[in-house]
K.L.:
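Here it is, the structure in full.
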Amino acid sequence: MRFLKISLFSLLLSAAFGFFLWAENVPADKPSPELITQGRELFNQKEGLKVKFACILCHKQEKAIKKSSVEKLGDKLPVIINKHITEKSKGQAIREDSQEMKALMAYIRYEHSK
Ligand code: HEC
């Protein structure tokens, strides 16, 4: 009986651990093409973010944001985007959970950065 309890417990434990490993390895969903397009427009035109200078003004061709810096920034990307909106583009910070922020991050991560 005691043996049964122990093996049942380890079975549960390994199931939970297995699920954890599986969940860890499921790749994050690639953003939709629509979200990337929206981000591209926000990046290239000043109207969407209501800024004085569009991001593209400084981030053209060889000045494009580097993939390695985006990877290094990780979860801090929204903070840095807002820093650039306010300090470089002379606009108002946007909410980190806003549609605009999601679109900008998707565009920068999956299309813009090289
Ligand atoms: C006036 C010029 C200018 C504008 C406008 C500008 N940036 Fe930048 N940005 C820079 C420069 C210069 C760098 C590289 C040096 C640095 O990290 O500050 C940079 C770097 C970055 C980085 C990488 C930061 C890092 O740690 O390597 C991100 C992300 C970024 N910009 C996003 C944006 C976004 C989004 C916009 C538009 C809202 C924008 N920038 C507008 C000049 C600008």
Side-chain angles (χ1 to χ4, degrees):
M1 196 55 200
R2 187 177 151 79
F3 171 75
L4 200 70
K5 262 192 198 153
I6 291 171
S7 46
L8 211 66
F9 179 71
S10 38
L11 195 74
L12 269 171
L13 202 70
S14 44
F17 189 63
F19 177 77
F20 173 76
L21 282 183
W22 172 78
E24 277 284 273
N25 283 309
V26 171
D29 279 346
K30 192 173 184 254
S32 69
E34 291 78 18
L35 194 67
I36 293 179
T37 300
Q38 190 194 358
R40 189 191 309 123
E41 283 166 5
L42 291 170
F43 197 90
N44 292 342
Q45 298 160 14
K46 50 190 188 159
E47 288 78 14
L49 292 170
K50 302 194 191 73
V51 290
K52 285 215 180 83
F53 311 104
C55 315
I56 191 69
L57 208 65
C58 299
H59 291 292
K60 232 180 251 171
Q61 289 153 11
E62 72 276 13
K63 299 249 177 65
I65 301 161
K66 291 196 181 66
K67 191 143 244 152
S68 59
S69 355
V70 175
E71 276 161 14
K72 212 159 42 188
L73 287 169
D75 292 345
K76 293 208 192 72
L77 183 60
V79 179
I80 302 301
I81 290 178
N82 263 333
K83 200 163 168 244
H84 277 248
I85 293 179
T86 54
E87 291 175 13
K88 312 266 189 183
S89 297
K90 307 289 175 202
Q92 298 262 312
I94 58 176
R95 284 175 49 140
E96 289 190 9
D97 61 356
S98 63
Q99 172 74 15
E100 285 83 1
M101 183 59 89
K102 283 183 194 139
L104 270 175
M105 290 202 300
Y107 169 69
I108 291 172
R109 280 196 175 128
Y110 290 90
E111 191 178 288
H112 171 85
S113 62
K114 299 261 148 56

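Worth saying up front: this structure is predicted, and the values here are computed from it rather than measured. Count residues from 1 along the sequence. Every number for a ligand or one of its atoms is a count from 1 in the order of the listing. Below, each value reflects all heavy atoms present in this structure, side chains not excepted, and no hydrogens, waters or symmetry copies.
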K.L.:
In the structure I gave you, are the side-chain heavy atoms of Ile81 and Met101 within less than 4.5 Å of one another anywhere?
P.N.:
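Counting from C-beta outward, Ile81 and Met101 do come under 4.5 Å.
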K.L.:
Are there over 12 heavy-atom neighbours, none belonging to Gln61, within less than 6.0 Å of that residue's CD?
P.N.:
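No, CD of Gln61 has 12 or fewer neighbouring heavy atoms, counting only those of other groups under 6.0 Å.
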K.L.:
For atom 3 (C) of ligand 1, decide whether some protein heavy-atom distance is shorter than 4.0 Å.
P.N.:
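It does: a protein heavy atom is found less than 4.0 Å away from atom 3 (C) of ligand 1.
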K.L.:
If you look at every heavy atom in Val79 and Glu96, which pair is closest and at what distance?
P.N.:
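Closest approach of Val79 to Glu96: CG2-OE2, 3.6 Å.
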K.L.:
Run through the protein N/O/S atoms less than 2.8 Å from atom 8 (Fe) of ligand 1 and write them out by chain and number.
P.N.:
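Near atom 8 (Fe) of ligand 1, below 2.8 Å, one finds His59 NE2, His84 ND1.
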K.L.:
If the cut-off is 4.0 Å to any non-hydrogen atom of Ser89, which atoms of ligand 1 fall inside it?
P.N.:
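Under 4.0 Å from Ser89, ligand 1 has these atoms: 5 (C), 37 (C), 38 (C), 41 (C).
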K.L.:
Which atoms of ligand 1 have any heavy atom of Ser69 under 4.0 Å away?
P.N.:
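So the answer, numbered in order with elements, is 27 (O).
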K.L.:
Would you check if the side chain of Lys88 reaches a backbone N or O of Ile85 as a donor-acceptor pair within less than 3.5 Å?
P.N.:
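Checked: no pair found.
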K.L.:
Given the protein's heavy atoms, is any one of them under 4.0 Å from atom 6 (C) of ligand 1?
P.N.:
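Given the 4.0 Å limit, the answer for atom 6 (C) of ligand 1 is yes, a protein heavy atom qualifies.
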K.L.:
Please report the interatomic distance CD1(Ile80) to CG(Leu73), rounded to the nearest 0.5 Å.
P.N.:
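The CD1 atom of Ile80 sits 5.5 Å away from the CG atom of Leu73.
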K.L.:
Can you see which heavy atom on His59 is nearest to which on His112, and at what distance?
P.N.:
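That closest heavy-atom pairing would be O-CE1, 3.5 Å.
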K.L.:
Do Asn44 side-chain atoms and Ala54 backbone N/O form a donor-acceptor pair below 3.5 Å?
P.N.:
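Flag not set: sc Asn44 to bb Ala54 has no pair under 3.5 Å.
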K.L.:
Identify the closest protein heavy atom to atom 24 (C) of ligand 1: which residue and atom is it, and at what distance?
P.N.:
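Scanning the protein heavy atoms, the shortest distance from atom 24 (C) of ligand 1 goes to Ile80 CG2, 3.8 Å.
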K.L.:
Quick check: do Lys66 and Lys114 have side-chain heavy atoms less than 4.5 Å from each other?
P.N.:
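In short, these two side chains do not touch, never coming nearer than 4.5 Å.
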K.L.:
Any protein heavy atom at under 4.0 Å, with atom 16 (C) of ligand 1 as the reference point?
P.N.:
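No, there is no protein heavy atom closer to it than 4.0 Å.
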K.L.:
Out of curiosity, is Ile85 lining ligand 1, as in a heavy atom under 4.0 Å away?
P.N.:
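Checking ligand 1 against Ile85, which is what was asked, there is a heavy-atom contact under 4.0 Å.
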K.L.:
Just checking, is any N or O donor in the side chain of Gln99 or Gln38 under 3.5 Å from an acceptor N or O on the other one?
P.N.:
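Yes, a side-chain donor-acceptor pair sits under 3.5 Å.
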